[in-house]
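Please read all numbers here as calculations on a predicted model, not as lab measurements. Chain letters run A, B, ... following the sequence lines, proteins first and then strands; every chain starts at 1.
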Amino acid sequence: MTDFDGLFRAAGVTGFLHAVDLDTGAEVGHGADEPVALASVFKLALLVEFFRQADRGELDAAERVTVMADRRTPGPTGVSAMADDVTLSLRDLAYLMIAVSDNTAADTLIGRVGLAAVNTMLASSGLTRTRVEHDCAGLLASIVEDTGQEEMPTDPAVVARLRVLDPARTNRGTPRETTRLLGMIWRDEAASPESCAWMRRLLGLQVWPHRLASGFPYDDVAVSGKTGTLPTLRNEAGVVEYPDGGRYAVAVFTRSYGTAQNQPRADAVIGTAARIAVERLRGSGG
Amino acid sequence: MDLVKHLYYFTVVAEELHFGNAAVRLGMAQPPLSQRIRRLEEELDVRLFDRSRRQVRLTAAGQALLPEAREIVARVERLRALAERGTDEVLRVGVPPDLGSAVIAALIDGFREADRGVRLAPAEMWSTDQVAGLAAGTLDVGVVRHPVTVPGLSFGPVLVQRPGVVLAESDPLAAGSSVHPADLAGRGLVLFPGEPGLREETLTECRRHGFVPEEVHEAQTLGLVMAGTAIAFGPRVELPGLRWRPLLGDPLNWRISTAWRGEPGPAAEAFGAVAVRVLKENAGMADDGAAPVRRVRTRPATGFLA
């Protein structure tokens with residue numbers, strides 16, 4: 001047995017993980033059914049529902065919308081960080097939401113898609129323990145209410161009372177349900193094959209190299225994924241594809257004991273744990 | 001019928017072998033005592049005393065039952081005493097093992113003076129185990145090193161400790177009166193296990209001040225330092241084979257505070273106050289104001305909902 005607990009502890013975090021071979025169904029879990037705060041990983045569910053509505057003709061993914069400069073959800077990337085009004089298509093907003101975790105892009109899509117529809121899709125897919133309660137603005141409002149500031153806190157006493165870190169009171173899921181959702185996208189079950197291909201492309205365009213991807217530093221291995229970040233919370237869920245055709249959905253959710261925002265080892269352990277899990281599924285190592 | 005009480009009367013009469021004296025000892029009149037012994041004899045269906053002559057004597061059956069009766073009475077008394085002690089409040093506290101015996105003893109002594117009604121159950125634990133214990137409800141108060149947290153914790157006043165460096169006496173740096181972190185290049189570093197927040201912060205500060213440890217060991221003791229294979233940071237130590245030197249410019253600020261979950265009880269508050277006093281007086285720690293406040297410069301990859 002792999003000592004995931006020891007691995008996570010050495011990086012200063014507690015962690016839960018689920019990895020599954022998308023073709024054989026073989027799996028590796030460590031607290032795979034624990035409720036976890038999704039943070040930005042919730043954008044995966046939004047992505048799926050967005051493309052399902054596009055498939056049903058309820059929205060036009062290529063429709064151009066203007067996001068006004070004064071109607072922004074705070075965030076460090078994408079439209080959220082831009083100075084002026086931006087006009088772009090809904091699916092390009094989806095691209096920014098996945099590639100750089102753009103909060104304004106996500107909230108604009110939620111305005112079109114609706115959180116209720118996202119939750120209906122999750123329930124009808126059997127993902128009964130995954131739920132999206134708030135948009136990004138709602139999550140930020142809860143932090144501001146708990147801390148009295150818009151900046152992300154590092155004071156341990158302040159971090160300890162954040163509701164956004166409590167799975168019962170925020171957007172939540174489990175490692176296993178998160179890999180199920182990824183499996184649906186990779187097996188063309190989440191939406192039409194064209195839409196699933198589009199989603200896979202967007203997830204492959206995610207820019208962050210420090211978490212899941214750091215565990216697979218091989219030029220011939222593809223890593224697609226979506227991160228999730230809040231104070232003490234570092235997540236990533238994605239799919240790793242090997243040159244021999246092996247493909248594995250992995251979801252890793254961690255929470256650090258320390259409150260510093262920059263903890264490279266806490267980011268990297270997501271990749272290390274994922275690699276150990278995948279190597280076990282591939283029958284080598286660990 | 002209260003059998004235990006009746007057995008107790010039996011043991012007293014058996015000791016006195018005189019109903020009048022036994023009644024005086026028990027603080028009751030003789031007739032009800034005689035009546036109760038008779039009721040016990042009926043209950044057990046056996047004669048305990050021979051009252052036929054002028055003297056009271058134990059029957060053979062009475063002699064056989066007396067040790068058992070004493071045993072039962074003694075056991076029930078012990079049970080009551082235990083139950084009474086059990087209702088006393090116990091405060092389960094965690095303290096970092098590296099604080100040292102003197103500080104831990106001062107904590108226990110100080111608390112004993114502050115709150116005599118509560119029994120202190122201290123355990124030496126590193127911060128990660130403490131916060132896990134606090135979250136799980138197996139610990140009432142902790143003394144933790146920062147930054148460390150789990151949802152729902154509250155913290156007492158934060159104290160700051162400025163560690164120096166512990167070297168082997170053979171280390172050339174031991175010749176100087178203080179050490180700059182950059183001078184430590186090429187050496188390994190011993191850090192406490194189970195202190196992930198402190199570890200990250202300490203390594204970051206070391207790197208910033210030009211010291212990248214060759215290797216980082218997690219250990220509870222200074223054996224590796226004594227052997228000359230690594231250095232450690234910490235409060236002044238006086239041990240043969242080791243030298244302690246202050247770090248130039250005090251680059252390290254180790255923060256420590258009490259921690260608890262939910263509302264602290266009066267005992268937890270009393271312990272918190274004692275802990276702050278003892279850590280200041282016995283462990284050379286100062287109020288948090290002494291440490292520079294670090295402004296957080298956010299980066300996209302670590303920002304809100306990245």
Side-chain angles (χ1 to χ4, degrees), chain A residues 9-14 37 39-40 42-43 73-78 80-81 100-103 106 136 139-140 143 150-166 207-211 227-232 234 255-267, chain B residues 126-132 134-136 142 144-158 191-205 207-208 216-218 255-262 288 291 293-306:
Chain A
R9 201 180 322 116
V13 305
T14 52
S40 288
F42 92 82
K43 291 165 186 168
T73 304
T77 59
S80 306
V100 292
S101 207
D102 184 338
N103 295 332
C136 301
L139 293 171
L140 182 65
I143 292 175
E150 277 212 0
E151 294 74 43
M152 292 303 108
T154 52
D155 179 342
V158 176
V159 171
R161 59 172 188 259
L162 290 181
R163 283 169 294 165
V164 287
L165 304 181
D166 178 359
V207 299
W208 311 121
H210 57 324
R211 293 192 183 156
T227 55
T229 310
L230 281 171
T232 70
R234 293 168 185 78
R255 176 167 280 171
S256 65
Y257 287 108
T259 57
Q261 290 188 357
N262 286 289
Q263 295 191 47
R265 292 180 327 127
D267 291 313
Chain B
W126 298 104
S127 298
T128 38
D129 294 331
Q130 287 193 45
V131 293
L134 290 166
V144 299
R145 292 187 181 281
H146 286 289
V148 68
T149 194
V150 291
L153 280 201
S154 303
F155 300 96
V158 177
L191 284 175
F192 310 128
E195 299 288 351
L198 186 84
R199 178 193 161 111
E200 285 304 317
E201 212 173 76
T202 303
L203 289 177
T204 302
E205 283 313 304
R207 277 195 293 274
R208 210 182 241 204
V216 178
H217 311 271
E218 292 207 336
R255 285 164 298 147
I256 197 164
S257 85
T258 51
W260 61 88
R261 195 169 185 222
D288 191 25
V293 178
R294 184 154 296 149
R295 192 156 74 91
V296 177
R297 307 298 301 263
T298 52
R299 301 175 187 177
T302 54
F304 168 60
L305 284 180

Side-chain contact, heavy-atom cut-off 4.5 Å: Glu200(B) with Ser256(A)?
no
Where on Val150(B) is there a heavy atom nearer than 4.5 Å to chain A: the side chain, the backbone, both, or neither?
both
Shortest non-hydrogen contact from Pro76(A) toward Gly303(B)
CG-CA, 4.2 Å
Report which part of Leu140(A) has an atom under 4.5 Å of a heavy atom belonging to chain B: side chain, backbone, both, or neither.
both
Contact origin within Arg199(B) toward chain A - heavy atom pairs under 4.5 Å:
side chain
Among Arg9(A), Arg161(A), Arg255(A), who wins on heavy-atom pairs under 4.5 Å with chain B?
Arg255(A)
Mind checking the CD-CZ spacing from Glu151(A) to Arg297(B)? Nearest 0.5 Å is all I need.
12.0 Å
State, with a plain yes or no, whether a side-chain heavy atom of Pro151(B) is found less than 4.5 Å away from one of Asp166(A).
no
Which of Val144(B), Leu153(B), Leu203(B), Val131(B) touches chain A most, by non-hydrogen pairs under 4.5 Å
Leu153(B)
Residue Thr259(A) versus chain B: region with a heavy atom under 4.5 Å
both
Given the options Thr227(A), Val158(A), Thr232(A), which has more heavy-atom pairs under 4.5 Å with chain B than any of the others?
Thr227(A)
Heavy-atom proximity to chain B below 4.5 Å, by part of Arg234(A):
neither
So which residue, Val164(A), Leu165(A), Leu139(A), ends up with the most heavy-atom pairs under 4.5 Å with chain B?
Leu139(A)
Applying side chain to side chain contact (heavy atoms under 4.5 Å, CB included) to Thr149(B) and Tyr257(A), what does each step give before you reach the verdict?
CA-CA 5 Å; Thr149(B) 194; Tyr257(A) 287 108; over 6 Å; no
Answer yes or no: is there a donor N or O on one side and an acceptor on the other, between the side chain of Ser101(A) and the main chain of Leu305(B), under 3.5 Å?
yes
So for Thr298(B), is it side chain, backbone, both, or neither that comes closer than 4.5 Å to the heavy atoms of chain A?
both
Can you tell me which portion of Arg211(A) sits under 4.5 Å from chain B's heavy atoms? Options are side chain, backbone, both or neither.
side chain
Side chain / backbone / both / neither for Leu230(A) at chain B, heavy atoms under 4.5 Å:
side chain
Count the heavy-atom pairs under 4.5 Å between each of Ala306(B), Pro196(B), Pro147(B) and chain A, then report the option with the highest count.
Ala306(B)
Could you list all the salt bridge (Lys or Arg N to Asp or Glu O under 4.0 Å) pairs where at least one residue sits in residues 144-153 of chain B, not counting sequence neighbours?
Asp98(B)-Arg145(B)
Indicate yes or no for a side-chain donor-acceptor contact from Asp267(A) to the backbone of Ala301(B) under 3.5 Å, with no hydrogens or angles considered.
no
Interface moiety of Val296(B) toward chain A, non-hydrogen atoms closer than 4.5 Å
side chain
